Amino acid sequence: TQVSNSGFETWGNVAPGVAAEPTGWYSNKSGSSVAKLGPQICFQDNTIKHSGNSSVRVETLSYFGTAVNGAVTTGVINAPNTTKSNGYIGTVNYSTASDIRRTAFTGRPDSIVGWYQYTSGGTGEQGKVTAILHNNDYFDPETPTTYHPDPTSDKIARALFLSTPSTNVNTWTRFSAPFVYTSSGVPSYIMINITCSANQLTSITGSKMWIDDISFIYNSTVSVKEVDLVKSANVYYFQKNIYVDFSSIPSEQSNFELYDITGQLVLTKKIENSTLNSMDVSSLKSGIYMYKVTSKSQGKFGKLFID
């Protein structure tokens with residue numbers, strides 16, 4: 001299970017004259033009525049990107065002397081009023097209760113990973129990526145207020161990445177954050193919140209964070225027999241081709257499947273064991289792909305980066 005548009009390639013306008021947002025993701029411009037009053041804080045960046053054509057950039061900017069935290073989320077940015085401490089991100093629009101944004105997600109991943117760059121606006125500033133697996137509705141921060149209830153009974157797990165305080169990161173750097181599970185249940189939804197100031201009460205402007213190629217890592221448990229069978233199988237990418245080397249596996253036909261980051265099947269092919277198989281993928285966009293090789297007696301799963 002992955003989330004759609006995790007490479008921030010697809011963007012659309014919120015409304016005529018209003019800045020674009022990544023498809024399936026939202027900024028303050030599609031938030032609650034008071035949140036919409038703030039400056040544009042989410043941008044498509046076609047110059048600084050890890051792969052593909054663009055990344056997402058969030059910036060903490062000033063609105064009549066008040067710092068507005070740069071953010072993009074799969075939920076709703078809510079400002080019940082102009083008091084900063086009352087602001088939160090949730091799955092329900094504070095101004096329009098019928099506006100519910102819940103991203104379906106039924107996996108139990110081990111971690112969330114991605115790539116980032118960061119420019120600190122001042123002392124103590126740090127970028128933040130939060131992912132919450134949950135049921136029903138959720139709110140971040142979780143602390144209940146007059147404006148939203150305590151959601152923690154619906155939490156399955158939470159992952160949190162914080163960049164090093166006050167430190168600029170000028171090259172694409174991989175981040176990883178483990179999910180801490182508080183329930184053995186299966187989630188129904190995920191909410192991912194990205195902010196360039198870790199604290200919504202920040203008074204510092206100028207922080208910027210770029211994010212690209214988010215994905216989820218699943219560490220499956222397999223039997224000793226399966227491990228022994230796939231140890232000598234090799235799947236790799238080189239110069240616009242994917243190679244599947246089963247040369248040391250007993251002769252048997254296998255099936256190769258390649259999926260993009262959204263989980264869409266983009267390539268399938270029957271391959272022969274006891275030989276080196278190759279597939280031309282020059283027509284595919286740059287990015288992270290998941291592969292699956294299966295046959296009657298063995299299987300192999302993994303991830304490839306295609307440039």
Side-chain angles (χ1 to χ4, degrees), residues 1-32 35-36 38-61 68-79 88-93 99-105 112-119 127-132 138 140 159 161 163 172-175 177 189-197 200 207-216 259-264 266 284-289:
T1 304
Q2 302 288 336
V3 295
S4 62
N5 200 26
S6 57
F8 304 99
E9 294 294 296
T10 307
W11 292 66
N13 288 327
V14 177
V18 177
E21 293 177 335
T23 303
W25 300 76
Y26 307 95
S27 72
N28 62 326
K29 290 303 181 181
S30 60
S32 66
K36 291 179 181 178
Q40 179 184 351
I41 55 175
C42 171
F43 305 86
Q44 181 179 17
D45 199 315
N46 299 115
T47 302
I48 301 176
K49 70 265 190 178
H50 178 253
S51 71
N53 297 314
S54 65
S55 67
V56 64
R57 183 180 81 248
V58 292
E59 297 185 30
T60 297
L61 299 171
V68 179
N69 195 351
V72 65
T73 174
T74 58
V76 186
I77 296 177
N78 288 291
Y88 63 94
I89 298 175
T91 53
V92 181
N93 190 323
D99 180 7
I100 299 175
R101 304 178 199 170
R102 295 184 295 207
T103 300
F105 194 97
I112 181 174
V113 300
W115 297 82
Y116 82 104
Q117 291 192 37
Y118 188 71
T119 298
K128 179 180 179 180
V129 179
T130 307
I132 304 145
Y138 217 85
D140 184 25
F161 166 74
S163 66
W172 284 107
T173 302
R174 185 179 184 271
F175 72 84
Y189 309 103
I190 189 170
M191 182 167 67
I192 307 174
N193 304 325
I194 299 168
T195 61
C196 55
S197 297
Q200 85 261 32
S207 295
K208 301 178 183 180
M209 191 175 194
W210 291 260
I211 294 288
D212 206 354
D213 294 331
I214 291 173
S215 63
F216 298 92
Y259 298 83
D260 65 17
I261 200 68
T262 70
Q264 181 178 355
V266 296
L284 296 180
K285 293 181 178 179
S286 298
I288 297 172
Y289 291 79

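Being a predicted model, the structure only gives us computed values, none of them experimental. Side-chain atoms are counted along with the backbone in the values below, which use heavy atoms only and exclude waters and symmetry mates. Index from 1, following the sequence.
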Can you tell me how far apart CD1 (Ile192) and CD1 (Ile211) are? Round to the nearest 0.5 Å.
10.5 Å

What are the two closest non-hydrogen atoms of Ser32 and Ala79, and how far apart are they?
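Closest pair (atom of Ser32, atom of Ala79, distance): OG-N, 2.8 Å.
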
Any donor-acceptor N/O pair, Asn28 side chain to Ala71 backbone, under 3.5 Å:
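Such a contact is absent between Asn28 side chain and Ala71 backbone.
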
Is there a side-chain contact between Phe216 and Thr1 (heavy atoms, below 4.5 Å)?
no

Any non-hydrogen side-chain atom of Ser54 less than 4.5 Å from a side-chain atom of Pro22?
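They are not in side-chain contact.
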
Checking side chain to side chain contact (heavy atoms under 4.5 Å, CB included) for the pair Val3/Phe105: CA distance, chi angles, key distance, verdict?
CA-CA 8 Å; Val3 295; Phe105 194 97; 3.9 Å; yes

Val76 to Thr73 - nearest heavy-atom pair and separation:
N-CG2, 4.2 Å

Ala35 backbone acceptor or donor facing Lys29 side chain under 3.5 Å
no

What distance separates Leu61 CG from Asn69 CG, expressed to the nearest 0.5 Å?
10.0 Å

Nearest 0.5 Å, please: how far is OH in Tyr138 from OH in Tyr88?
14.0 Å

Rounded to the nearest 0.5 Å, what separation is found between the OG1 atom of Thr10 and the CG atom of Asn5?
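CG of Asn5 is found 4.5 Å from OG1 of Thr10.
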
Which heavy atom in Ala131 sits nearest to a heavy atom in Ile112, and how many Å separate them?
CB-CD1, 4.0 Å

Checking side-chain polar atoms at under 3.5 Å, does Ser55 have a donor or acceptor matched by the opposite partner on Asp45?
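On atom types as modelled, these side chains do not qualify, holding no pair under 3.5 Å.
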
Counting C-beta onward and ignoring hydrogens, is there a side-chain heavy-atom pair between Asn93 and Asn78 closer than 4.5 Å?
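Asn93 vs Asn78: side chains touch.
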
How about Trp25 and Ile194: do any of their side-chain heavy atoms sit closer than 4.5 Å?
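A side-chain contact exists here, since the closest heavy-atom pair is under 4.5 Å.
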
For the atom pair OH (Tyr259) and OH (Tyr289), what is the distance rounded to the nearest 0.5 Å?
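Those atoms lie 14.5 Å apart.
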
Would you please test Ser30 and Arg101 for side chain to side chain contact (heavy atoms under 4.5 Å, CB included) and show each step?
CA-CA 11 Å; Ser30 60; Arg101 304 178 199 170; 3.5 Å; yes

With a 4.5 Å cut-off on side-chain heavy atoms, are Thr103 and Tyr189 touching?
no

Which heavy-atom pair separates Val56 from Cys42 by the least distance, and what is that distance?
CG2-SG, 3.8 Å

Phe8 CZ to Asp213 CG distance, which is reported to the nearest 0.5 Å
9.0 Å

Minimum heavy-atom separation for Ser163 and Gly127, please, with both atom names.
OG-N, 2.7 Å

Chi angles and distances behind the side chain to side chain contact (heavy atoms under 4.5 Å, CB included) call for Val129, Met209
CA-CA 10 Å; Val129 179; Met209 191 175 194; 4.2 Å; yes

Donor + acceptor pair across side chains of Trp172, Asp212 (<3.5 Å):
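Per modelled atom types, Trp172 and Asp212 side chains form no pair under 3.5 Å.
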
Could you walk me through whether Val72 and Glu21 pass the side chain to side chain contact (heavy atoms under 4.5 Å, CB included) check?
CA-CA 9 Å; Val72 65; Glu21 293 177 335; over 6 Å; no

Under 4.5 Å between any side-chain heavy atoms of Asp140 and Thr130, yes or no?
yes

Is a side-chain donor or acceptor of Gln2 paired with a backbone partner of Ser4 at a separation under 3.5 angstrom?
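Pair absent, no side-chain N/O of Gln2 close to backbone of Ser4.
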
Is there a side-chain contact between Gln200 and Thr195, using heavy atoms and a 4.5 Å cut-off?
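They are not in side-chain contact.
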
Should Ser207 and Glu59 count as side-chain neighbours, where that means a heavy-atom distance under 4.5 Å?
no

Are any side-chain N or O atoms of Gln117 and backbone N or O atoms of Trp210, one a donor and one an acceptor, separated by less than 3.5 Å?
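A pair under 3.5 Å: no.
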
